[in-house]
Amino acid sequence: MFDLTGFQRDLLYVVCGLDGPHGLAIKEEMEEYYEGEIHHGRLYPNLDTLVDKGLVEKAQKDRRTNIYSITRRGEREIAARNEWEQQYGAGELSG
């Protein structure tokens with residue numbers, strides 16, 4: 001996961017947290033988190049990068065809609081990232 005951008009990591013977490021989301025659902029989640037509009041030209045190329053890296057699968061729901069799901073490799077990468085963050089106390093931060 002070290003070679004992903006922060007935006008791509010966030011996308012991976014969103015895909016993992018939603019049940020077979022389509023692009024618009026992912027976009028809405030990201031816009032809520034980033035507190036601003038996420039353009040299609042940013043969203044879909046980054047989703048395609050996650051697909052190309054084997055972290056996310058893309059399937060066609062209908063002629064216009066793709067759905068995304070996390071792969072086992074994606075799940076392992078998230079687990080490894082979470083473990084790495086815990087090693088440095090990310091889970092122990094308190095105001």
Side-chain angles (χ1 to χ4, degrees):
M1 190 177 303
F2 64 89
D3 61 339
L4 298 180
T5 67
F7 186 78
Q8 290 166 345
R9 277 194 307 267
D10 293 342
L11 280 174
L12 185 61
Y13 276 87
V14 168
V15 171
C16 184
L18 298 175
D19 186 26
H22 50 82
L24 186 57
I26 296 168
K27 181 179 182 292
E28 290 170 354
E29 288 290 325
M30 294 294 285
E31 287 177 340
E32 185 175 318
Y33 179 71
Y34 279 81
E35 297 180 349
E37 185 176 357
I38 304 294
H39 297 282
H40 289 91
R42 181 177 187 197
L43 178 69
Y44 291 104
N46 281 289
L47 282 169
D48 288 341
T49 296
L50 296 178
V51 171
D52 292 344
K53 291 181 178 291
L55 302 170
V56 169
E57 289 182 341
K58 177 170 71 172
Q60 198 170 20
K61 180 177 180 180
D62 57 42
R63 290 177 52 144
R64 298 188 64 212
T65 307
N66 291 319
I67 55 173
Y68 298 86
S69 58
I70 189 100
T71 64
R72 284 193 167 167
R73 179 172 178 222
E75 289 174 344
R76 286 193 307 269
E77 291 291 334
I78 287 175
R81 175 68 184 205
N82 290 341
E83 184 177 312
W84 183 80
E85 288 177 353
Q86 292 300 314
Q87 176 182 345
Y88 295 101
E92 299 172 15
L93 297 177
S94 59

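Position 1 is the first residue of the sequence; numbering continues from there.
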State whether the number of non-hydrogen atoms from other residues, nucleotides or ligands found under 6.0 Å of Glu32 atom CD is greater than 12.
no
Any side-chain heavy-atom pair of Leu47 and Val15 under 4.5 Å:
yes
Compute whether any side-chain donor of one residue and acceptor of the other, for Tyr44 and Asn66, lie under 3.5 angstrom apart.
no
To the nearest 0.5 Å, what is the distance between CG on Asp10 and CD on Glu29?
11.5 Å
Nearest heavy-atom approach of Gly54 to Arg73 is O-CB, 3.7 Å
Shared ILVMFWY cluster between Leu11 and Ile70, side chains joined below 4.5 angstrom?
yes
CD/Gln60: more than 12 non-hydrogen atoms of other groups inside 6.0 Å
yes
Within this structure, what is the CZ-CD distance for the pair Phe2 and Glu77, rounded to the nearest 0.5 Å?
8.5 Å
Hphob cluster co-occupancy, Val56 + Leu18, side-chain heavy atoms under 4.5 angstrom:
yes
Determine whether Thr5 and Thr49 make a side-chain contact, defined as any pair of heavy atoms from C-beta on separated by less than 4.5 Å.
no
Counting only heavy atoms not in Tyr33, do more than 12 sit closer than 6.0 Å to its OH atom?
no
Do the side chains of Lys27 and Glu31 get close enough for a salt bridge, i.e. N-O under 4.0 angstrom?
yes
Let me confirm one number: the CZ-CG distance from Arg9 to Asp3, rounded to the nearest 0.5 Å.
10.0 Å
Test of understanding: clusters of I, L, V, M, F, W, Y form through side-chain heavy atoms closer than 4.5 Å, transitively. Do Leu24 and Val14 belong to the same one?
no
Would you say Met30 ends up clustered with Leu12 if hydrophobic residues are merged whenever their side chains have heavy atoms under 4.5 Å apart, either directly or through other cluster members?
yes
4.5 Å side-chain heavy-atom contact, Gln8 and Leu55
no
If you draw a 6.0 Å radius around CG in Asp62, do more than 12 non-hydrogen atoms from other residues or ligands fall strictly inside?
yes
Arg42 to Ile38 - nearest heavy-atom pair and separation
NH1-CD1, 4.1 Å
Measure the shortest side-chain to side-chain distance between Leu50 and Tyr68 over non-hydrogen atoms and say whether it is less than 4.5 angstrom.
no
